[in-house]
Amino acid sequence: MALLGLRQHNADDGAHAGAAMEFQPLTPDRWRDLETLFGPRGACGGCWCMWWRMRPKDYKARKGEANRRAFRALVAAGPPPGLLAYDGGRAVGWCAIGPRASLPRLDNSRNLAPVDDQPVWSISCLFVAKDAREQQVATRLVRAATDYALAAGATTVEAYPVDPPKRQVDAFVWTGLLSNYLRNGFREVKRRAPTRPIVRFEA
């Protein structure tokens, strides 16, 4: 993929302006980096990035260790389900990116149901290490994930950010904030709930 080893130096990237950040697909040899980043809670409440990948009743029964094993098997089978962001050799962020068809729970969401029948890739999750937040890591991950999807043949990248009226705790904005996407050229295409727009980047 074109993004392997990519480094970005952006003067508008906040506290780490000018600092190099590297983005790599999550392959089996990088699993330990993801485990370290996610910690014992699997990023949030035992999710292990499986929320969108299974039916609600199945997810509830598998939270925690079962989700970890399932996600590790998914990574082992490939293709990579997302990107890790590295700063100084340490994984500081995660972005799930892949064809929307690999995320069946989206289709069962009243607010995030398909906009049309166009095939899209979806950015479905963002997670940033606590000590790396407020440094535009999520915005840079969105940019890298979009480039990654386009390099893989996608023509449209879709995402499902939160647009709250006031600041939210990080656990409630795990699909990213609307601003993360608008800064990267996404446009809003649908809003079925006041705080849950659907946005797209089209090549």
Are Y160 and S109 close enough, and set up right, to give a side chain to side chain donor-acceptor pair (under 3.5 Å), and what steps lead you there? CA-CA 11 Å; Y160 320 98; S109 169; over 6 Å; no
Can you check whether [X] reaches [Y] side chain to side chain, under 4.5 Å on heavy atoms?
X    : Y    : value
D107 : P114 : yes
L177 : P161 : no
Y181 : T139 : no
L84  : R30  : yes
T195 : P165 : yes
V199 : L178 : yes

Can you tell me how far apart [atom1] ([X]) and [atom2] ([Y]) are? Round to the nearest 0.5 Å.
X    : Y    : atom1 : atom2 : value
W52  : Y59  : CH2   : OH    : 11.0 Å
R196 : R110 : CZ    : CZ    : 12.0 Å
C47  : N67  : SG    : CG    : 6.5 Å
E158 : T146 : CD    : OG1   : 12.0 Å
L141 : F127 : CG    : CZ    : 12.0 Å
L37  : R32  : CG    : CZ    : 14.5 Å

[X] versus [Y], closest heavy-atom pair with distance:
X    : Y    : value
T156 : P119 : CB-O, 4.4 Å
S122 : R100 : OG-CB, 3.3 Å
A85  : V137 : CB-CG1, 4.4 Å
W174 : S124 : CZ3-O, 3.8 Å
V92  : A132 : CB-CB, 4.0 Å
A145 : I97  : O-CG1, 4.0 Å

Using the rule that Ile, Leu, Val, Met, Phe, Trp and Tyr join whenever any side-chain heavy atoms are under 4.5 Å apart, tell me whether L112 and M50 fall into a single cluster.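 Yes, same cluster.
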Co-membership, hydrophobic cluster, residues Y148 and V120, 4.5 Å side-chain: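 As far as the 4.5 Å side-chain criterion goes, V120 and Y148 are not connected within one cluster.
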Kindly check if the number of other-residue, nucleotide or ligand heavy atoms within 6.0 Å of CZ (R191) is above 12?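 Yes, the 6.0 Å shell around CZ holds more than 12 heavy atoms from other groups.
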If you count heavy atoms of other groups shown closer than 6.0 angstrom to CZ of R41, is the number above 12?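 At most 12 heavy atoms, drawn from other residues, nucleotides or ligands, come within 6.0 Å of this atom.
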Is any side-chain N of the basic residue among [X] and [Y] closer than 4.0 Å to the acidic one's carboxylate O?
X    : Y    : result
R90  : D33  : no
R68  : E35  : yes
R200 : D116 : yes

Checking side chain to side chain contact (heavy atoms under 4.5 Å, CB included) against P197, which of K190, R187, R192, E188 comes through?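 In the set K190, R187, R192, E188, the residue that makes a side chain to side chain contact (heavy atoms under 4.5 Å, CB included) with P197 is E188.
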Quick one: is the NZ or CZ of R105 closer than 6.0 Å to the six-membered ring centre of W51, and within 45° of its axis?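 That pair qualifies as a cation-pi contact.
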Would R143 count as a cation-pi partner of F186, with NZ or CZ less than 6.0 Å from the six-membered ring centre and within 45° of the ring normal?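 No - R143 does not lie over the ring of F186 by the 6.0 Å and 45° rule.
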Criterion side chain to side chain contact (heavy atoms under 4.5 Å, CB included) on L103 and R53, from CA distance to verdict: CA-CA 5 Å; L103 307 168; R53 305 178 194 278; 3.8 Å; yes
Can you check side chain to side chain contact (heavy atoms under 4.5 Å, CB included) on I123 and F201, steps first, answer last? CA-CA 11 Å; I123 296 176; F201 182 97; over 6 Å; no
As a quick check of understanding, evaluate side chain to side chain contact (heavy atoms under 4.5 Å, CB included) for E202 and V157, giving each step before the final call. CA-CA 6 Å; E202 296 176 316; V157 181; over 6 Å; no
Side chain to side chain contact (heavy atoms under 4.5 Å, CB included) evaluation trace for N180 with N184: CA-CA 7 Å; N180 298 141; N184 284 302; 5.5 Å; no
Is the W48-W94 ring centre distance short of 6.0 angstrom?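 No; W94 has its ring centre 6.0 Å or more from that of W48.
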Between Y86 and F23, is the ring centroid distance below 6.0 Å?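 Centroid distance Y86-F23: not below 6.0 Å, so no.
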Determine whether T27 and D29 satisfy the following criterion, side chain to side chain donor-acceptor pair (under 3.5 Å), listing intermediate values before the conclusion. CA-CA 6 Å; T27 49; D29 59 307; 2.5 Å; yes
Decide yes or no on side chain to side chain donor-acceptor pair (under 3.5 Å) for R183 and Q136, but give the supporting numbers first. CA-CA 11 Å; R183 291 171 184 166; Q136 300 296 317; 2.6 Å; yes
